[in-house]
Q: 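Please see the structure below; I have some questions.
Start at 1 with the first residue, then count along the sequence. Note that these values count all heavy atoms, side chains included, but never hydrogens, waters or copies made by symmetry. Predicted model only: the values in this text are computed from it and were never measured.
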Amino acid sequence: METTRLLDAALRKAAAVWIAPHGLRATLVWALWRDGALWVAVGGGEQEVPGLTDGAGCTITVRSPSTHSHLTEVPAVAHLVEPDPDLRAALAAARLNAEPRYTQVFRVEPT
């Protein structure tokens, strides 16, 4: 899928994207790109994404990692997940500067 390749190339170098649950404003969040989906940790004093719930439709907006210009918008669906130990380790590594305090993790899959 061309969209997945585009996202894969862009998100290997960038950890911040805009997520807009349908009908709501976009929120800039850090996310982990892995296994063809964005993994977004929220709550517990971490970032918040109003309207992001299990099964919520949303739009992912990605900027170019080289020019910082608008690259693409992709429709997606969010799924609340229970992270396994490998995903927890990957999320902790992606944070770099702080202990993870999130209370929920969403797998946001492009559709």
Side-chain angles (χ1 to χ4, degrees):
M1 169 187 254
E2 186 61 33
T3 300
T4 301
R5 278 186 280 181
L6 176 67
L7 288 172
D8 188 55
L11 295 172
R12 284 182 186 267
K13 297 178 182 177
V17 298
W18 294 88
I19 296 181
H22 291 172
L24 298 172
R25 291 182 58 162
T27 302
L28 181 63
V29 298
W30 69 269
L32 173 65
W33 177 253
R34 182 178 179 185
D35 301 329
L38 280 175
W39 299 85
V40 180
V42 299
E46 296 274 348
Q47 62 196 357
E48 298 292 337
V49 182
L52 192 64
T53 58
D54 190 34
C58 54
T59 302
I60 301 168
T61 302
V62 180
R63 300 187 119 195
S64 167
S66 57
T67 65
H68 304 292
S69 61
H70 180 271
L71 183 62
T72 189
E73 288 185 357
V74 179
V77 176
H79 300 283
L80 183 62
V81 298
E82 183 60 41
D84 62 27
D86 288 341
L87 179 57
R88 286 184 191 279
L91 288 168
R95 279 292 273 134
L96 297 177
N97 63 348
E99 283 293 317
R101 298 180 315 229
Y102 57 82
T103 56
Q104 295 179 313
V105 176
F106 289 90
R107 178 182 170 102
V108 183
E109 297 180 55
T111 55

Q: Taking salt bridge (Lys or Arg N to Asp or Glu O under 4.0 Å) as the definition, give me every residue that meets it alongside E48, ordered by chain and number, with sequence neighbours left out.
A: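 Not a single residue meets the salt bridge (Lys or Arg N to Asp or Glu O under 4.0 Å) criterion with E48.
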Q: Give, for atom CG of D54 and atom CZ of R107, the distance between the pair rounded to the nearest 0.5 Å.
A: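 Here the interatomic distance stands at 13.0 Å.
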Q: Please report the shortest heavy-atom distance between L38 and A31, naming the atom on each side.
A: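 Result for this residue pair: CD2-CB, 3.7 Å.
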Q: Of all heavy-atom pairs between W30 and E46, which one has the smallest distance, and what is that distance?
A: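 For W30 versus E46, the nearest heavy atoms are NE1-OE1, 3.9 Å.
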Q: Looking at every heavy atom in both T111 and A76, which two are closest together, and how far apart are they?
A: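 Where T111 meets A76 most closely, the heavy atoms are OG1-N, 3.9 Å.
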Q: Which residues end up grouped with L28 if you chain together Ile, Leu, Val, Met, Phe, Trp and Tyr wherever their side-chain heavy atoms are less than 4.5 Å apart?
A: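 Hydrophobic cluster check, L28: joined to W18.
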Q: Using the rule that two of Ile, Leu, Val, Met, Phe, Trp, Tyr join whenever any of their side-chain heavy atoms come within less than 4.5 Å, decide whether L24 and V29 are in one cluster.
A: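 As far as the 4.5 Å side-chain criterion goes, V29 and L24 are not connected within one cluster.
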Q: Give, for atom CD1 of I19 and atom CZ of F106, the distance between the pair rounded to the nearest 0.5 Å.
A: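 Taking CD1 in I19 and CZ in F106, the distance rounds to 10.0 Å.
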Q: What are the two closest non-hydrogen atoms of A20 and A26, and how far apart are they?
A: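 A20 and A26 have their closest heavy atoms at CB-CA, 3.7 Å.
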Q: Go through the steps to decide whether Y102 and L91 satisfy the test side chain to side chain contact (heavy atoms under 4.5 Å, CB included), and finish with yes or no.
A: CA-CA 10 Å; Y102 57 82; L91 288 168; 3.8 Å; yes
Q: For P50 and P21, work out which heavy atoms get closest and say how close.
A: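 Scanning both residues, the minimum pair turns out to be O-CG, 3.3 Å.
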Q: Write down the atom of A37, the atom of P110, and the distance for their closest heavy-atom approach.
A: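 Where A37 meets P110 most closely, the heavy atoms are CA-CD, 4.3 Å.
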Q: Which side-chain N or O atoms in residues 77-87 pair as donor and acceptor under 3.5 Å with protein atoms at least two apart or in another chain?
A:
from	atom 1	to	atom 2	distance (Å)
E82	OE2	R88	NH2	2.8
D84	OD1	D86	N	3.1
D84	OD1	L87	N	2.7

Q: With A56, which residues qualify under side chain to side chain contact (heavy atoms under 4.5 Å, CB included), at least two apart?
A: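 Partners of A56 by the side chain to side chain contact (heavy atoms under 4.5 Å, CB included) criterion, ordered by chain and then number, come out as T53.
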Q: Please list all pairs passing the salt bridge (Lys or Arg N to Asp or Glu O under 4.0 Å) test where one or both residues lie in residues 30-40, with sequence neighbours left out.
A: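 Non-adjacent pairs meeting salt bridge (Lys or Arg N to Asp or Glu O under 4.0 Å): zero.
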